[in-house]
Amino acid sequence: MSEKADVVIVGGGAAGLTAGLYASRGNRNVVLLDRAMPGGQAATTDTVENYPGFPDVPSGLELMQKFVDHAVKFGTRIETAEAQRLTPGTPDHTVHTSGGDFIAPAVVIACGSSHRKLGIPGEEEYANRGVSYCAPCDGPLFRNRQVLVAGGGDAAIEGALFLANFAESVRVIHRRDELRATKILQSRAFEKENLSIVWDSVATEVIGEQAMTGARVKNVKTGDETVLEADGVFILIGSVPNTQWLKGRLEMDERGYLKIDDACRTNIDGVFAAGEAADAVFRQIVVAAGQGAMAAISAERYIQGLKA
Ligand code: NAP
């Protein structure tokens with residue numbers, strides 16, 4: 001199966017859906033590919049407090065459903081398909097997917113990022129039997145239980161605060177003596193009675209029997225090792241871009257983030273990128289949305305230039 005469009009967008013998070021909205025409003029034939037439900041990582045966030053214009057603090061799912069509705073309203077077609085390869089062409093590029101080929105002169109790569117793993121023994125073994133990467137998804141399963149959180153950034157502290165609403169105790173294991181998370185989240189965490197921080201420490205092993213029973217934790221300053229008993233561990237230590245399928249095709253940095261210029265252009269004419277696949281620094285819904293708009297505007301100018 002192959003399908004022709006004006007703009008093919010890979011990824012249905014904040015960046016891709018905004019690109020879809022803009023390109024569709026430009027009266028272009030737009031196909032957006034997502035390997036699962038559109039909404040991206042933002043849809044798995046408990047609440048979104050910092051997306052402007054939404055002071056009522058929607059859930060991530062509610063906010064992203066609005067992104068989907070908005071893009072679809074103006075004509076973006078959403079297809080479930082996993083992008084596997086990009087073949088650049090002149091003028092048409094081909095995105096090869098699990099559901100066939102999608103061909104267009106302009107492609108917007110907005111395939112986002114995935115949860116970073118700790119890579120410690122037991123992490124894979126106890127996945128879904130204690131180990132989780134998503135507090136809003138799995139948190140309610142840990143009502144009145146003891147949970148651990150690995151990480152010290154916004155995701156970890158926001159996740160820990162959410163978990164503290166259900167769990168008996170939440171211990172955040174952080175490798176330094178200072179959190180990376182924004183101050184407002186830090187002060188909320190310090191005020192929460194059932195939330196504590198295990199400073200200067202890293203989890204070195206997830207241990208258990210049928211299910212996880214705890215984690216081995218090492219103090220990086222003293223070298224001391226202890227076992228913290230817990231029913232779950234939420235690993236919230238950042239993310240890695242989903243760009244492996246583009247290796248050798250598009251320029252990226254050593255961590256896999258796509259290199260783009262200030263108009264969201266990649267090194268291939270007609271291929272643009274936006275959102276967390278190309279943003280190692282800000283990783284905010286509003287930034288991803290802004291870049292999605294930029295990529296779509298650049299794509300429109302590029303298509304118009306082809307006809308000139
Ligand atoms: P992040 O800001 O990169 O923080 C990752 C945290 O995990 C850091 O504290 C880091 O420690 C720790 N870490 C990384 N690798 C580790 C490892 N191998 N072992 C142990 N600890 C490790 O990632 P994030 O929290 O996912 O946030 C990503 C971006 O999304 C940020 O820009 C953040 O502001 C944004 N975000 C915003 C919100 C919000 O605005 N409410 C919510 C979630 C995320 P170090 O501190 O020592 O480096």
Side-chain angles (χ1 to χ4, degrees), residues 13-15 39-64 112-124 131-137 139 148-164 170-190 195 197-206 215-221 225 228 233-242 253 255-257 274-291:
Q41 271 201 45
T44 66
T45 305
D46 170 33
T47 52
V48 179
E49 289 186 339
N50 55 5
Y51 194 78
F54 288 83
D56 292 341
V57 185
S59 72
L61 194 59
E62 283 164 350
L63 180 64
M64 296 321 296
S113 63
S114 298
H115 306 294
R116 177 179 287 136
K117 299 195 169 173
L118 276 172
I120 57 174
E123 183 175 4
E124 283 201 6
V131 175
S132 170
Y133 300 88
C134 177
C137 317
L148 307 173
V149 171
D154 282 338
I157 301 308
E158 207 170 70
L161 284 163
F162 176 75
L163 291 165
V170 180
R171 283 168 291 179
V172 177
I173 304 162
H174 181 42
R175 64 185 176 184
R176 291 187 293 131
D177 58 5
E178 194 185 5
L179 294 174
R180 181 178 293 280
T182 42
K183 295 289 180 228
I184 187 167
L185 292 177
Q186 291 195 28
S187 38
R188 284 181 199 165
F190 296 145
L195 193 163
I197 318 271
V198 184
W199 299 106
D200 298 314
S201 297
V202 289
T204 55
E205 184 181 356
V206 180
R216 203 176 299 282
V217 173
K218 182 177 171 184
N219 183 303
V220 293
K221 286 193 173 153
E225 282 205 353
L228 298 182
V233 59
F234 288 78
I235 298 171
L236 305 170
I237 59 166
S239 43
V240 286
N242 296 325
D253 70 13
R255 296 165 300 172
Y257 288 98
E276 291 201 9
D279 169 22
V281 179
F282 299 105
R283 289 143 79 197
Q284 302 289 313
I285 303 171
V286 67
V287 174
Q291 278 193 339

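In listed order, ligands and their atoms are each counted from 1. Index from 1, following the sequence. The figures that follow rest on heavy atoms only: side chains count, while hydrogens, waters and symmetry mates do not.
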So, are Arg180 and Asp154 salt-bridged, with charged N and O less than 4.0 Å apart? no
Check this for me, if you would: do Glu49 and Arg188 make a salt bridge, where the nitrogen-to-carboxylate-oxygen distance has to be below 4.0 angstrom? yes
side-chain contact (heavy atoms from CB on, under 4.5 Å) filter on Thr44, not counting sequence neighbours, yields Cys134, Cys137
Which of the listed options, [options], holds the heavy atom that is closest to [atom]?
atom                    : options                        : value
atom 27 (O) of ligand 1 : Ala181, Ser113, Ala155, Ala150 : Ala155
atom 37 (C) of ligand 1 : Asp177, Val286, Leu179, Asp154 : Asp154
atom 45 (P) of ligand 1 : Gln284, Arg283, Arg180         : Arg180
atom 22 (C) of ligand 1 : Arg175, Glu158, Glu178         : Arg175

Contact region, Leu118 to ligand 1, non-hydrogen atoms below 4.0 Å, reads side chain
Note: Asn50, heavy atoms under 4.0 Å from ligand 1, region reported as side chain
Per-atom filter on ligand 1: closer than 4.0 angstrom to a heavy atom of Gly151 are 7 (O)
Atoms of ligand 1 under 4.0 Å from any heavy atom of Phe282, numbered from 1 in the order shown, are 32 (O)
- Task: Show your working on side-chain contact (heavy atoms from CB on, under 4.5 Å) between Val233 and Val206 and close with a plain yes or no.
- Result: CA-CA 8 Å; Val233 59; Val206 180; 4.3 Å; yes
Is the shortest N/O to N/O distance between [X] and ligand 1 below 3.5 Å?
X      : value
Ala156 : no
Gly152 : yes
Arg176 : yes

Check: What orientation do His174 and Trp199 show, parallel under 30°, tilted 30 to 60°, or perpendicular over 60°?
Finding: perpendicular
Residue, atom and distance of the protein heavy atom nearest atom 23 (O) of ligand 1 read Gly238 CA, 3.4 Å
Atom 7 (O) of ligand 1 has as its nearest protein heavy atom Ile237 CA, 3.3 Å
Any Glu49 heavy atom less than 4.0 Å to ligand 1: no
TODO: Tell me, yes or no, whether the heavy-atom count around Phe282 atom CZ, taken from other residues, nucleotides or ligands under 6.0 Å, exceeds 12.
DONE: no
Under 3.5 Å, is there a donor on one side chain and an acceptor on the other for Asn242 and Ser114?
yes
* Asked: Going by distance alone, is a donor N or O of one side chain under 3.5 Å from an acceptor N or O of the other, for Arg283 and Ser239?
  -> yes
Side-chain donor or acceptor of Ser59 paired with backbone N/O of Glu62 under 3.5 Å | yes
